[in-house]
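Written out below as structure tokens is the structure these notes cover.
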Amino acid sequence: MPPITLAVLDMAGTTVADDGLVLRAFAAAGAAAGLPESGPEADAARKYVLDTMGQSKIVVFRALFGDEDRAQAANRAFEAEYDRLVDEGGATAIPGAAEAITALREAGVKVALTTGFSRTTQDKLLSALGWHTLTDLTLCPADAGRGRPYPDLVLTALLRLGIDDVSDIAVLGDTAGDVTSGRRAGASIVAGALTGAHDERRLRAADPTHIVPSVGEFADLLLHP
């Protein structure tokens with residue numbers, strides 16, 4: 001395994017505990033877009049949100065509602081509700097996440113945090129956790145061009161942090177989209193974490209190099225191969 005000089009870590013579900021916040025915020029988004037509260041349409045929409053966890057939220061809403069005005073209304077409502085839940089104390093770190101990130105950086109590994117949320121929501125999470133200076137870089141889909149499952153977030157991190165080779169990158173996420181993104185970017189290590197949206201079966205279907213219980217074990221994998 002080549003030496004890793006960049007670790008690209010997802011936020012919600014990977015380094016930040018979700019605790020159902022995304023689905024609760026989606027309920028508000030669905031209401032704003034005129035989605036019924038129950039019934040087949042609501043069930044199908046909820047399944048789609050679960051299946052696409054980790055992807056850019058506005059892209060998910062465009063696919064769901066097929067109308068830009070409805071998608072934008074849903075996105076605004078989602079962000080407002082998610083921000084409210086964060087303000088109420090709903091955002092907590094995955095146990096050991098901050099320590100794992102600190103250990104990686106102290107060992108000379110640069111760390112980037114990525115998300116499918118907007119920059120406003122990402123900054124809200126970072127502020128709630130006190131993480132604005134924890135990592136070398138934070139990225140949202142608007143910073144990179146496209147969100148997951150595309151490789152753009154990982155490759156943007158490589159470019160901005162001056163990494164020489166995609167083989168020097170390790171990626172960690174809790175969804176199949178995270179794994180696919182890392183694979184498409186050419187990272188040497190693409191690991192699935194069992195702390196978030198997708199279970200081991202779903203993660204393995206995306207062909208990760210590793211499955212780890214959490215970000216702590218991921219740091220151990222990089223620091224003690």
Just checking [X]: does its [atom1] atom have more than 12 heavy atoms from other residues, nucleotides or ligands closer to it than 6.0 angstrom?
X    : atom1 : answer
E37  : CD    : no
R202 : CZ    : yes
F65  : CZ    : yes

Without hydrogens or angle criteria, can the side chains of [X] and [Y] be said to hold a donor-acceptor pair below 3.5 Å?
X    : Y    : value
S181 : D178 : no
R119 : T138 : yes
S214 : E217 : yes
E79  : S118 : yes

Under the 3.5 angstrom rule, does the side chain of [X] hit a backbone N or O of [Y] as a donor-acceptor pair?
X    : Y    : value
D143 : C140 : yes
Q72  : D69  : no
R70  : A33  : yes
R183 : D207 : yes
D152 : G145 : no
H198 : A176 : yes
T209 : V190 : yes
T114 : M11  : no
E41  : L35  : no
R105 : L134 : yes

Could you tell me if the side chain of [Y] sits less than 4.5 Å from the side chain of [X], heavy atoms only?
X    : Y    : result
R184 : V154 : no
R24  : L85  : yes
V212 : L172 : yes
N75  : V60  : no

query = If you group Ile, Leu, Val, Met, Phe, Trp and Tyr by side-chain heavy-atom gaps below 4.5 Å, do I58 and L64 land in one group?
reply =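 In one cluster with I58: L64, no.
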inquiry  = Classify the ring geometry of Y82 against F117: parallel below 30°, tilted from 30° to 60°, perpendicular beyond 60°.
reply    =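 The arrangement is tilted - the two ring planes meet at 30° to 60°.
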request  = Using the side-chain hydrogen bond (donor to acceptor under 3.5 Å, both in side chains) rule, take T195 and D174 through it: C-alpha gap first, then chi angles, then the decisive distance, then the call.
outcome  = CA-CA 7 Å; T195 49; D174 66 296; over 6 Å; no
